[in-house]
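What you are looking at is a predicted structure, and each value in this text was computed from that prediction instead of being measured. Reminder, nothing fancy here: chain letters follow the sequence lines and each chain counts from 1.
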There are 2 protein chains.
Amino acid sequence: MQNLSTQLKKAFDAYFEAPIEAWEEFAAHCEPMIHRKDEVLKKQGNSEKYFYFIEKGSVGVFLWKENNFVCLDFAFDGQFCCDYMSVLTEEPNDLELVALETTKVHRMTVENFRKLGDKSIGQILMRKSAESSFVDKQKQQIDLLTKSSEERYRELCQRFPKVELRVAQKHIASYLGITPQSLSRLRRKHA
Amino acid sequence: MQNLSTQLKKAFDAYFEAPIEAWEEFAAHCEPMIHRKDEVLKKQGNSEKYFYFIEKGSVGVFLWKENNFVCLDFAFDGQFCCDYMSVLTEEPNDLELVALETTKVHRMTVENFRKLGDKSIGQILMRKSAESSFVDKQKQQIDLLTKSSEERYRELCQRFPKVELRVAQKHIASYLGITPQSLSRLRRKHA
DNA sequence: AGAAAAAATTACCCTATGGTAAAGTTTTTT
DNA sequence: AAAAAACTTTACCATAGGGTAATTTTTTCT
């Protein structure tokens, strides 16, 4: 468990710049959990029950659209994830979280996460959490509006090395906003 | 000034669900200001100096890309806006805020906004602010990934009635992620 | 008001991506 | 190990949107 603390602390430092008490409080309420590939951590249409820290593995955030799914986000080792919109609005939401490989997480109930938010130290945690989530989303929007799918693919591969090996092409394609066929073409061209 | 209070309060209620003390504190530090069309409220590469509440008019958030600009966001009457990424990171940022028509704002220095954030009431304000900004961005990302430019255009027109009359087509086009020529075609088709 | 500048529209052709289908590959199931 | 299912690649054609340029309309400047 000491190992988690080290890694969790590192994630906090990179992500939040929150005071040390905040992550201690957070860590104290975490429960370890293992999810196999394709296991659904949060189902579309439900309210989010947990806030996750990924120790090892990866999780995809999906939106089901007609018969297809669109991948809105990936989260890998050392990152946090959840259907944050559901947490914030306290309502059911259509995002679906799925393990993309065997994944070890530490999760905290949203109930506890919210209770944390009532304390002043948690207030800061919640704020930092929302702020960094916003910055990430803003970057994604900028990429979608200003970069070609080829650029976006190359940057994704840089940001998450080996992502092509760990995550199905179809998920990467939908994340980029293109079809698997188009991604396949891109890959062939610049292989 | 009573008028502002009413409208500002309304904006808070719609946006933040923050306690009444938060917006009173906010309103107390605001300074009224009028910007003419095309006036730059925040220049690319600078740090954000103000946090704005728009009483009447509109502001565009732009990112300059090569010789062009891309519109990332619009803000109209009763909304807040700023280069939020710069405020959060406390660093210079490339977004540029421009008045799209004659616009009356009430602005607060980021310095004061941050000081507010140190009080517990401001902590909540900052958190709510980040949270609602995140939700907005998430929605934008979803639209970009799941909807056609035609759908996005129609929804933009619904969300901000008369937007086609108040804002230049080229800005709307870049917000949608297409060229003015393509937007022109769309408009002709469904006029 | 008239001239100049900027923006919007239209047109033409071109390219990136979509849709469908089929072939090849990998993974899962039995 | 064989069969089935799922995924990836390839191919072919269709289409939305881009690039350039010319024309018209609107806005700005003098």
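- Note: B:F53 and B:F80 have tilted aromatic rings, judged against thresholds of 30 and 60 degrees for the angle between ring planes.
- In this entry the distance linking CZ of A:R185 with C1' of C:dT15 reads 11 Å, nearest Å.
- Atom CD in A:E151 sits roughly 14 Å away from atom C1' in C:dA16 (whole-Å rounding).
- Listed candidates were C:dT17, D:dT20, D:dT9. Nearest to the side chain of A:S184 is D:dT9.
- When heavy atoms are screened at a 4.0 angstrom cut-off, B:S149 is found touching the sugar-phosphate backbone but no base atom.
- Ring centroids of B:F26 and B:F51 are separated by less than 6.0 Å, placing the two rings close together.
- The nucleotide whose nearest atom lies closest to any side-chain atom of B:A168 is, among C:dA8, D:dG18, D:dT10, C:dA8.
- A:L165 has its CG atom 14 Å from the C1' atom of C:dT26, to the nearest Å.
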Can you give me the N/O atom pairs linking the protein to nucleotides 23-30 of chain D at distances under 3.5 Å, or say none if there are none?
none

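- Here C:dT10 presents its P atom at 11 Å from CD of B:Q169, a figure rounded to the nearest Å.
- When the P atom of C:dT15 is taken as reference, atom CD1 of A:I178 falls 19 Å away, rounded to whole Å.
- With DNA chain D read from its 5' end, the first of the two nearest nucleotides for B:G177 and A:V167 is the one closest to A:V167.
- Rounded to an integer number of Å, the gap from CG of A:N68 to P of C:dG18 is 11 Å.
- For the pair B:K147 NZ and D:dA16 P, the interatomic distance rounds to 20 Å; values are reported in whole Å.
- The side chain of A:S182 contributes an N or O atom lying less than 4.0 Å from OP1 or OP2 of C:dG18.
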Would you sort out whether A:F74 and A:H171 count as a ring-ring contact (aromatic ring centres under 6.0 Å, His included), showing the intermediate values?
CA-CA 9 Å; A:F74 297 113; A:H171 296 151; 7.6 Å; no
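- Which of D:dT8, C:dT17, C:dT10 sits closest to the side chain of B:Q181 comes down to C:dT10.
- Applying the salt bridge (Lys or Arg N to Asp or Glu O under 4.0 Å) test to B:K37 and every residue at least two apart in sequence or in another chain returns nothing.
- Distance alone, capped at 3.5 Å, is enough to place a donor-acceptor pair between the B:S133 side chain and the B:S129 backbone.
- Using a 4.0 Å cut-off between charged nitrogen and carboxylate oxygen, A:R166 and A:D77 count as a salt-bridge pair.
- The residues B:R187 and B:E164 are annotated as not salt-bridged, no charged nitrogen and carboxylate oxygen being separated by less than 4.0 angstrom.
- Comparing atom distances between the A:R187 side chain and each of C:dG18, D:dT20, D:dT9 picks out D:dT9 as nearest.
- Checking C:dT17, C:dA11, D:dT8 against the side-chain heavy atoms of B:R188 singles out C:dA11 as nearest.
- Between the NZ atom of A:K189 and the C1' atom of C:dA16 there is a distance of 8 Å, given to the nearest Å.
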